[in-house]
> 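Take a look at the following structure, please.
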Amino acid sequence: MADLLSMGLGEEKEKEKEKEKKNRESDRKAAKPEKHNEKDGVTETLGFNDRSSGTKVKKRNLSARLNFVVEMSKQADLSLIRFITTELTRGYFLEHNEAKYTERRERVYTCLRIPKELEKLMMFGFFLCLDAFLYVFTLLPLRVILALLRLLTLPCCGLGGSRLLQPAQVCDVMKGFIMVICYSMMSYVDYAMMYHLIRGQSVIKLYIIYNMLEVADRLFSSFGQDILDALYWTATEPKEKKRAHIGVIPHFFMAVLYVFLHAILIMVQATTLNVAFNSHNKSLLTIMMSNNFVEIKGSVFKKFEKNNLFQMSNSDIKERFTNYILLLIVCLRNMEQFSWNSDHLWVLFPDVVMVIASEVAVDVVKHAFITKFNDISADVYGEYRASLAFDLVSSRQKNAYTDYSDSVSRRMGFIPLPLALLLIRVVTSSVKIQGSLSFMCVLLFYLGMITLKVLNSIVLLGTSCVFVKEANMEEKLFDPPPSAVSSRANSRAQRPKHVHISPQQEPTTDKGGISVTSDNSQTTNMAETSAPTLPKSDSDAFLTTPDEDDDDKIINSDTGLEGDGLIHRAPKKDLLEIDRFTICGNRID
């Protein structure tokens with residue numbers, strides 16, 4: 001019995017071993033790639049029969065895998081209820097991508113901070129424009145009177161100096177003459193005829209006209225300050241011959257023509273807005289307000305850098321202040337037509353609030369999405385505020401080279417002369433002054449404006465000093481004006497020295513006839529009398545500071561000279577360089 005059992009077990013083991021060998025051979029055949037027969041150095045693939053057998057093996061493997069999946073699914077006992085419970089209870093961890101979600105949260109916080117920071121900048125810029133605007137009505141007439149008194153008393157007192165008037169007094173007299181001449185020209189313009197002429201047009205025409213007027217106003221603002229600066233410099237620059245003073249005349253007439261045309265342009269814009277207020281169905285006013293929202297589409301999806309955003313912020317400040325003055329003109333004209341009835345003012349009040357609210361909403365949405373898409377922090381508006389404050393503080397120094405109102409004009413594109421001229425024209429035509437009591441009221445109103453101007457200037461100056469101190473910009477206030485740097489740059493640029501000269505070669509240059517020692521003595525004298533100076537930028541070198549204090553590197557950055565050859569290098573842009581109002585795509589020259 002034992003022998004039979006052992007024989008049976010041995011036969012079973014042999015059968016199992018044979019089955020295992022067969023399975024191994026079948027697996028090897030299935031895993032083998034296409035056979036290659038090498039005969040005489042040439043590889044030959046198998047024929048069609050071998051390929052068909054390979055496909056059959058693949059099919060068998062696929063069927064085996066499918067059977068395995070089915071068996072596993074049966075073992076796992078998957079069902080619809082189990083799938084639903086898995087979907088309801090499965091979880092994920094946000095901390096696995098912490099940086100991404102933190103960045104998204106910061107963007108939300110930035111968008112929420114934009115209205116507050118933007119309105120701080122807008123409020124500060126509004127009072128800056130108000131200060132420059134009140135200057136035309138309050139201090140400018142007094143300064144012109146003092147300059148004319150100086151001219152009249154000079155024959156009695158004698159010439160104490162080489163100039164009859166100081167450069168600032170000459171500029172004030174020019175501004176006063178421009179205002180007087182343009183006001184006399186504006187008196188011939190009939191506001192009532194212009195109003196009825198515009199009211200007779202269709203709504204679509206008025207909408208197109210208003211858009212064209214906005215574009216023309218920006219272009220006039222861009223070019224107008226250049227005309228005025230050219231006049232001021234032509235009138236005050238040192239001249240060796242008396243014939244050179246004749247060049248002031250064409251510049252003066254050009255400035256008069258510009259101020260008059262710009263005032264007419266703003267008058268047409270105010271008249272169109274007045275027509276929109278007085279329309280029965282308010283359709284024109286709605287269309288004009290919707291034009292502000294079109295501005296979002298034109299600016300939000302563009303790429304902006306900090307300098308471009310600063311330029312656009314200045315443009316928005318100027319636009320908002322101009323709109324406030326236009327609304328004031330519209331209210332004055334409407335109150336005159338209704339005999340100064342206070343009840344009509346409450347009729348205009350909802351429309352005025354609606355226009356202002358739409359302007360604020362558009363600015364907030366525009367700046368919020370621009371900062372979001374371009375990854376700009378909300379703290380940048382504090383830098384813009386400090387830059388505007390720096391202009392105000394620097395214009396109050398003894399070595400200031402420009403008036404504050406002119407610096408605001410360059411920075412924001414806000415030119416107060418045409419707007420002030422139009423407001424004077426509207427007020428004088430709307431308000432009748434008769435009797436001594438009326439003159440007393442006018443005098444008290446003028447004294448009140450002077451008081452407002454002085455208080456506004458004091459508060460702005462104190463606030464600006466705080467902003468400049470917080471931005472650590474006090475050192476820049478002690479830098480000299482860029483005129484000395486420009487002259488020194490021009491003198492070095494005119495030298496025929498384009499190759500670096502070693503100290504051993506300096507005596508040979510003296511023998512060759514080039515006075516290097518005199519130039520070096522002049523530069524050393526200038527270096528001793530002045531601190532590290534400012535480079536002249538592409539846009540009038542407005543209050544920039546160099547990265548290094550080396551004078552040679554300052555000149556090389558301007559002239560493009562470095563080492564052995566000529567290198568074209570673009571100067572670095574800074575917020576304080578932007579002193580031009582450019583409107584073409586908000587780009588900076």
Side-chain angles (χ1 to χ4, degrees), residues 182 185-186 189-227 254 257-279 281-300 302 311-312 314-330 333 351-352 354-356 358-359 362-363 366 409 412-423 425-426 580-587:
C182 290
M185 296 169 65
M186 287 285 292
V189 179
D190 192 356
Y191 187 87
M193 182 187 69
M194 184 183 296
Y195 176 82
H196 291 289
L197 182 64
I198 293 175
R199 190 171 185 178
Q201 306 298 323
S202 62
V203 175
I204 300 301
K205 283 185 179 180
L206 291 178
Y207 175 69
I208 296 173
I209 289 172
Y210 191 78
N211 289 335
M212 292 172 62
L213 291 174
E214 282 190 346
V215 176
D217 178 51
R218 294 181 179 182
L219 295 178
F220 268 79
S221 300
S222 176
F223 190 60
Q225 189 60 37
D226 293 338
I227 295 175
M254 191 183 301
L257 181 62
Y258 156 71
V259 173
F260 176 72
L261 292 178
H262 199 177
I264 293 294
L265 179 68
I266 300 174
M267 179 182 281
V268 177
Q269 195 172 0
T271 307
T272 307
L273 188 61
N274 195 7
V275 171
F277 268 77
N278 295 330
S279 60
N281 53 3
K282 306 293 182 181
S283 59
L284 179 59
L285 184 62
T286 305
I287 293 174
M288 291 168 63
M289 288 174 55
S290 65
N291 190 31
N292 294 329
F293 291 92
V294 177
E295 186 180 356
I296 297 177
K297 178 183 177 182
S299 58
V300 163
K302 291 181 180 179
Q311 194 73 6
M312 191 183 69
N314 292 330
S315 175
D316 292 337
I317 294 171
K318 175 254 179 184
E319 184 179 357
R320 187 177 293 189
F321 184 81
T322 305
N323 287 336
Y324 291 160
I325 301 299
L326 292 179
L327 291 174
L328 177 62
I329 292 172
V330 169
R333 295 299 302 176
D351 296 333
V352 173
M354 187 169 54
V355 172
I356 295 175
S358 66
E359 187 73 24
V362 167
D363 290 338
K366 180 173 64 175
S409 301
M412 300 182 183
F414 172 68
I415 303 176
L417 293 182
L419 199 59
L421 180 65
L422 176 61
L423 187 59
R425 170 71 176 82
V426 172
R580 294 286 168 171
F581 178 80
T582 54
I583 197 59
C584 299
N586 288 324
R587 289 174 287 185

> For Gln269, which residues count as a side-chain hydrogen bond (donor to acceptor under 3.5 Å, both in side chains) partner, sequence neighbours excluded?
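Once residues adjacent in sequence are excluded, Gln269 has no partner under the side-chain hydrogen bond (donor to acceptor under 3.5 Å, both in side chains) criterion.
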> Find the distance between CG (Leu327) and OG1 (Thr322) and round it off to the nearest 0.5 Å.
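OG1 of Thr322 is found 11.0 Å from CG of Leu327.
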> If you take all heavy atoms of Val189 and Arg425, which pair is closest and at what distance?
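Nearest heavy atoms, Val189 then Arg425: O-NH2, 2.7 Å.
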> Output the distance between atom CG (Asn274) and atom CG (Leu326), rounded to the nearest 0.5 Å.
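With rounding to 0.5 Å, CG (Asn274) is 11.0 Å from CG (Leu326).
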> Hey, mind stepping through Met186 and Ile264 against side-chain contact (heavy atoms from CB on, under 4.5 Å) and telling me if it holds?
CA-CA 8 Å; Met186 287 285 292; Ile264 293 294; 3.6 Å; yes
> Can you classify the ring geometry of His262 versus Phe220 as parallel (below 30°), tilted (30 to 60°) or perpendicular (above 60°)?
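Judged by the thresholds at 30° and 60°, the geometry between His262 and Phe220 is tilted.
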> Before you tell me yes or no, could you show the steps for Ile325 and Leu422 under side-chain contact (heavy atoms from CB on, under 4.5 Å), namely the whole-Å CA-CA distance, both residues' side-chain angles and the distance that decides it to 0.1 Å?
CA-CA 10 Å; Ile325 301 299; Leu422 176 61; over 6 Å; no
> Output the distance between atom CG (Leu417) and atom CD (Gln225), rounded to the nearest 0.5 Å.
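One finds 8.5 Å between CG of Leu417 and CD of Gln225.
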> I would like to know whether Tyr324 and Val352 meet side-chain contact (heavy atoms from CB on, under 4.5 Å); could you show each step before the answer?
CA-CA 9 Å; Tyr324 291 160; Val352 173; over 6 Å; no
> Please report the shortest heavy-atom distance between Ile329 and Ala270, naming the atom on each side.
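In terms of heavy atoms, the two residues are closest at CG2-CB, 4.2 Å.
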> What verdict does the side-chain contact (heavy atoms from CB on, under 4.5 Å) test give for Phe321 and Asp316, after you've listed the backbone C-alpha separation in whole Å, the side-chain angles of each residue and the deciding distance to 0.1 Å?
CA-CA 9 Å; Phe321 184 81; Asp316 292 337; over 6 Å; no
> Would you please name every residue forming a side-chain hydrogen bond (donor to acceptor under 3.5 Å, both in side chains) with Asn211, sequence neighbours left out?
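By the side-chain hydrogen bond (donor to acceptor under 3.5 Å, both in side chains) rule, Asn211 matches Asn291.
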> Look up atom CD in Glu214 and atom CD in Glu319, then write down how far apart they are to the nearest 0.5 Å.
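With rounding to 0.5 Å, CD (Glu214) is 6.0 Å from CD (Glu319).
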> If you look at every heavy atom in Cys182 and Phe260, which pair is closest and at what distance?
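Minimum heavy-atom separation between Cys182 and Phe260: SG-N, 3.9 Å.
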> Compare all side-chain heavy atoms of Phe414 with those of Leu419 and state whether any distance is below 4.5 angstrom.
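A side-chain contact under 4.5 Å exists here.
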> Of all the heavy-atom pairs spanning Ala263 and Leu421, show the shortest one and how long it is.
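Closest approach of Ala263 to Leu421: CB-CD2, 3.9 Å.
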> Could you tell me if the side chain of Met194 sits less than 4.5 Å from the side chain of Asp190, heavy atoms only?
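Side-chain contact under 4.5 Å: no.
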> Which pair of non-hydrogen atoms, one from Leu206 and one from Thr272, has the smallest distance, and what is that distance?
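Smallest interatomic distance, heavy atoms only, reads O-CG2, 4.2 Å.
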> Can you list the residues that meet the side-chain hydrogen bond (donor to acceptor under 3.5 Å, both in side chains) rule with Asp363, with sequence neighbours excluded?
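Arg320.
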> From Ile356 CD1 over to Asp351 CG, what is the distance, rounded to the nearest 0.5 angstrom?
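So the CD1 of Ile356 and the CG of Asp351 are separated by 11.0 Å.
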> Heavy-atom count around Met354 CE within 6.0 Å, excluding the residue itself: above 12?
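Correct, the count exceeds 12.
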> So, taking the atom named CG in Leu213 and the one named CG in Leu273, what distance separates them when rounded to the nearest 0.5 Å?
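Those atoms lie 11.0 Å apart.
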> Have a look at Arg333 and tell me which of Asn278, Val426, Leu328 forms a side-chain contact (heavy atoms from CB on, under 4.5 Å) with it.
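So, applying the side-chain contact (heavy atoms from CB on, under 4.5 Å) to Arg333 and each of Asn278, Val426, Leu328, only Val426 qualifies.
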> At their closest point, which heavy atom of Lys318 faces which heavy atom of Gly413, and how far apart are they?
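Closest pair (atom of Lys318, atom of Gly413, distance): CE-O, 3.6 Å.
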